[in-house]
Amino acid sequence: MSKSVSSIRRCSMESQNDPWRPLRDEGKNMASATERKLVLKMSMSLDGFVAERDGKLDWIFRSSSADSRARLVDTLSEAGVHIMGSGSYYDMAAFWPFSDTPFTAAMNDIPKIVFSRTGIKDGTQVDRTAEAEAKLTGGRPSVTPTAAVLKSWAEPTVARGDLAEEVRRLKEQPGKLILAHGGVRFARSLIAAGLVDEYRLAVHPVVLGQGHALFSGLHSPADLRLVSATAYSGGVVGAVYQPA
């Protein structure tokens with residue numbers, strides 16, 4: 001039986017040895033005013049964790065609200081391409097083609113790039129039994145995806161080269177912003193390489209105490225500049241930072 005994936009209930013973790021740690025220390029963020037911006041979008045707890053130790057993300061949904069979801073729709077609509085690690089790809093490919101949410105169109109229609117040195121398999125080929133279906137859709141009715149939607153997830157662009165070089169090539173191309181989704185190891189690698197031009201962090205009103213920290217891959221302190229902070233009705237604070 002093919003594996004059942006619950007993409008909205010766990011954090012996608014890459015391999016224990018991070019395949020996207022940069023081959024060299026890239027130092028400060030290298031983006032220029034003429035380059036496309038790479039935006040890292042993540043939800044995190046008040047104490048800086050993006051997932052519990054077992055990868056669970058249930059705490060995110062307890063403070064979701066209509067206004068915070070509307071802001072997320074706006075962020076997704078700004079993207080020209082989604083980038084992600086292979087673990088997140090498999091979770092998303094199993095969920096988004098069959099979902100019906102305010103975020104679905106942007107996730108399905110915008111091109112995807114998966115960073116994986118070893119390549120990927122078709123992530124849309126998952127267990128579609130009734131039990132698996134309920135897990136994939138969070139209990140909501142699923143939809144039948146079009147051929148175009150399935151193809152967008154089954155045949156994403158795969159980036160196999162050095163992380164910094166691949167991202168720099170993307171930044172040099174014309175288009176809307178590059179939106180990075182994770183998983184956490186991939187996000188840490190982007191941060192450590194100085195490739196993130198803007199952080200859009202949804203800080204949730206919960207303290208986890210332990211888990212997977214977003215910034216644990218940094219080798220030295222990094223100063224950030226607060227661009228904006230918005231409080232939403234469910235208690236989430238949307239904080240936007242850029243490298244200082």
Side-chain angles (χ1 to χ4, degrees), residues 1-21 40-65 68-69 72 82-99 101 103 107 112 114-118 120-121 123-140 142 153 179-192 196 199-218 234-239:
M1 179 182 294
S2 58
K3 69 177 182 178
S4 172
V5 183
S6 180
S7 63
I8 61 172
R9 295 300 184 201
R10 76 173 192 272
C11 177
S12 298
M13 301 300 299
E14 319 305 338
S15 64
Q16 290 300 313
N17 295 317
D18 181 3
W20 286 108
R21 185 168 295 281
L40 177 61
K41 175 192 71 63
M42 298 290 282
S43 290
M44 64 192 305
S45 66
L46 190 60
D47 50 346
F49 297 108
V50 296
E52 296 179 59
R53 289 186 66 182
D54 59 3
K56 288 183 178 178
L57 297 171
D58 295 28
W59 49 273
I60 289 176
F61 306 98
R62 295 199 295 267
S63 49
S64 177
S65 59
S68 66
R69 291 191 293 273
L72 178 54
H82 299 299
I83 67 172
M84 62 199 73
S86 58
S88 285
Y89 162 73
Y90 287 120
D91 282 353
M92 291 185 180
F95 174 73
W96 287 115
F98 311 96
S99 73
T101 77
F103 320 118
M107 293 304 301
K112 274 72 71 173
V114 181
F115 284 73
S116 173
R117 296 194 190 279
T118 59
I120 59 169
K121 298 178 181 179
T124 65
Q125 299 299 307
V126 295
D127 184 356
R128 306 309 302 186
T129 65
E131 180 181 0
E133 191 86 10
K135 290 181 179 179
L136 285 169
T137 63
R140 295 182 298 273
S142 64
W153 284 103
L179 190 61
H181 292 269
V184 65
R185 293 184 185 277
F186 177 61
R188 287 171 182 163
S189 294
L190 292 172
I191 295 168
V196 178
Y199 299 87
R200 297 191 186 180
L201 305 175
V203 183
H204 291 254
V206 61
V207 177
L208 297 180
Q210 57 186 352
H212 299 284
L214 178 59
F215 294 101
S216 61
L218 282 173
V236 174
V237 173

How close do [X] and [Y] get, heavy atom to heavy atom, and via which atoms?
X      : Y      : answer
Val236 : Ala202 : CG1-CB, 3.9 Å
Ser86  : Ser116 : CB-CB, 4.2 Å
Leu57  : Ala51  : CD2-CB, 3.9 Å
His212 : Glu52  : CD2-O, 3.0 Å
His204 : Ser43  : NE2-OG, 3.4 Å

For [X], enumerate each residue passing the side-chain contact (heavy atoms from CB on, under 4.5 Å) test, keeping only those at least two apart in sequence or located in another chain.
X      : value
Arg62  : Trp59, Val206
Leu179 : Val39, Lys41, Thr75, Leu76, Ala79, His82, Leu177, His181
Ala187 : Leu40, Met42, Leu214
Ala213 : Phe49, Ser216

If you measure from [atom1] on [X] to [atom2] on [Y], what distance do you get to the nearest 0.5 Å?
X     : Y      : atom1 : atom2 : result
Met84 : Phe186 : CE    : CZ    : 8.5 Å
Arg69 : Thr101 : CZ    : OG1   : 10.0 Å
Tyr89 : Phe115 : OH    : CZ    : 15.0 Å

Using modelled atom types only, decide if a donor and an acceptor are shared between the side chain of [X] and the backbone of [Y] within a distance under 3.5 Å.
X      : Y      : result
Ser99  : Trp96  : yes
Asp47  : Leu208 : yes
Ser189 : Arg185 : yes
Ser88  : Gly85  : no
Tyr90  : Ile120 : no

Next on the checklist: Quick test of your reading: applying salt bridge (charged side-chain N to carboxylate O under 4.0 Å, His left out), list the pairs with at least one residue in residues 199-212, sequence neighbours left out, ordered by first then second residue.
Outcome noted: Glu78-Arg200, Glu198-Arg200
Checklist entry - In chain order, what residues pass the ring pair (Phe, Tyr, Trp, His ring centres under 6.0 Å) check against Phe215, with sequence neighbours excluded? => result Tyr199
